[in-house]
Amino acid sequence: MVNHNFLKHYSSTIVSLLDAAIPYQDGITLCSKIKKDNEVPVILVTHNDHQMLETFQAGADDSKQHVKELRHDD
């Protein structure tokens with residue numbers, strides 16, 4: 001379970017960068033909780049198109065899809 005007391009510290013935060021797939025609580029839910037009481041901009045890193053849509057519905061200011069680059073050494 002996540003301790004939500006840390007949310008009170010967002011009043012002095014410039015920007016929040018979250019991963020949509022953080023352990024114990026997804027970043028999309030956390031974004032929603034942050035934006036509920038704070039004006040801090042939130043950017044979420046997503047892993048698929050569905051998550052990207054959810055981030056904006058949760059109030060995120062921006063979202064970037066992470067595409068893991070595979071390296072193939074010959």
Side-chain angles (χ1 to χ4, degrees):
M1 181 136 206
V2 176
N3 181 348
H4 298 289
N5 290 331
F6 72 93
L7 290 176
K8 65 183 176 186
H9 299 291
Y10 274 94
S11 62
S12 63
T13 301
I14 297 170
V15 66
S16 181
L17 177 63
L18 302 173
D19 190 319
I22 56 177
Y24 306 109
Q25 177 173 304
D26 66 273
I28 296 167
T29 301
L30 183 55
C31 171
S32 180
K33 290 179 181 181
I34 291 169
K35 295 301 280 186
K36 181 179 176 184
D37 297 320
N38 299 280
E39 298 281 330
V40 63
V42 176
I43 301 170
L44 270 116
V45 176
T46 62
H47 301 279
N48 58 52
D49 291 336
H50 180 71
Q51 284 180 334
M52 188 172 281
L53 176 62
E54 287 181 330
T55 64
F56 291 114
Q57 291 172 337
D61 296 282
D62 201 357
S63 179
K64 300 297 178 195
Q65 191 165 356
H66 173 73
V67 179
K68 185 174 182 178
E69 183 179 314
L70 298 176
R71 299 180 90 182
H72 184 69
D73 296 325
D74 290 277

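Reckoned from all heavy atoms, side chains included, excluding hydrogens, waters and symmetry mates. Here the structure is a predicted model, which is why all the values come from computation and not from measurement. Starting from 1, each residue takes its place in the sequence as its number.
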From L30 atom CG to S16 atom OG, the distance as rounded to the nearest 0.5 Å: 7.0 Å
With sequence neighbours excluded, tell me which residues meet side-chain contact (heavy atoms from CB on, under 4.5 Å) with Q57. L53, E54
Between CD of Q65 and OG1 of T55, what distance do you get to the nearest 0.5 Å? 10.0 Å
Work out which heavy atom in T46 is nearest to a heavy atom in A20; give both atom names and the distance. CA-CB, 4.2 Å
Donor-acceptor pair, K35 side chain versus V40 backbone, under 3.5 Å? yes
Interatomic distance, M52 atom CE to H47 atom NE2 [nearest 0.5 angstrom]: 10.5 Å
Which residues share a side chain to side chain donor-acceptor pair (under 3.5 Å) with N48, sequence neighbours left out: none
Tell me if a side-chain donor or acceptor on D61 pairs with a main-chain N or O of V42 at a distance below 3.5 Å. yes
side-chain contact (heavy atoms from CB on, under 4.5 Å) involving S32 - partner list, sequence neighbours excluded: A58
If I compare all heavy atoms of A60 with all of L44, which pair ends up nearest, and what's the gap? CB-CD1, 3.7 Å
Rounded at 0.5 Å granularity, tell me how far CG in L18 sits from CD1 in I43. 9.5 Å
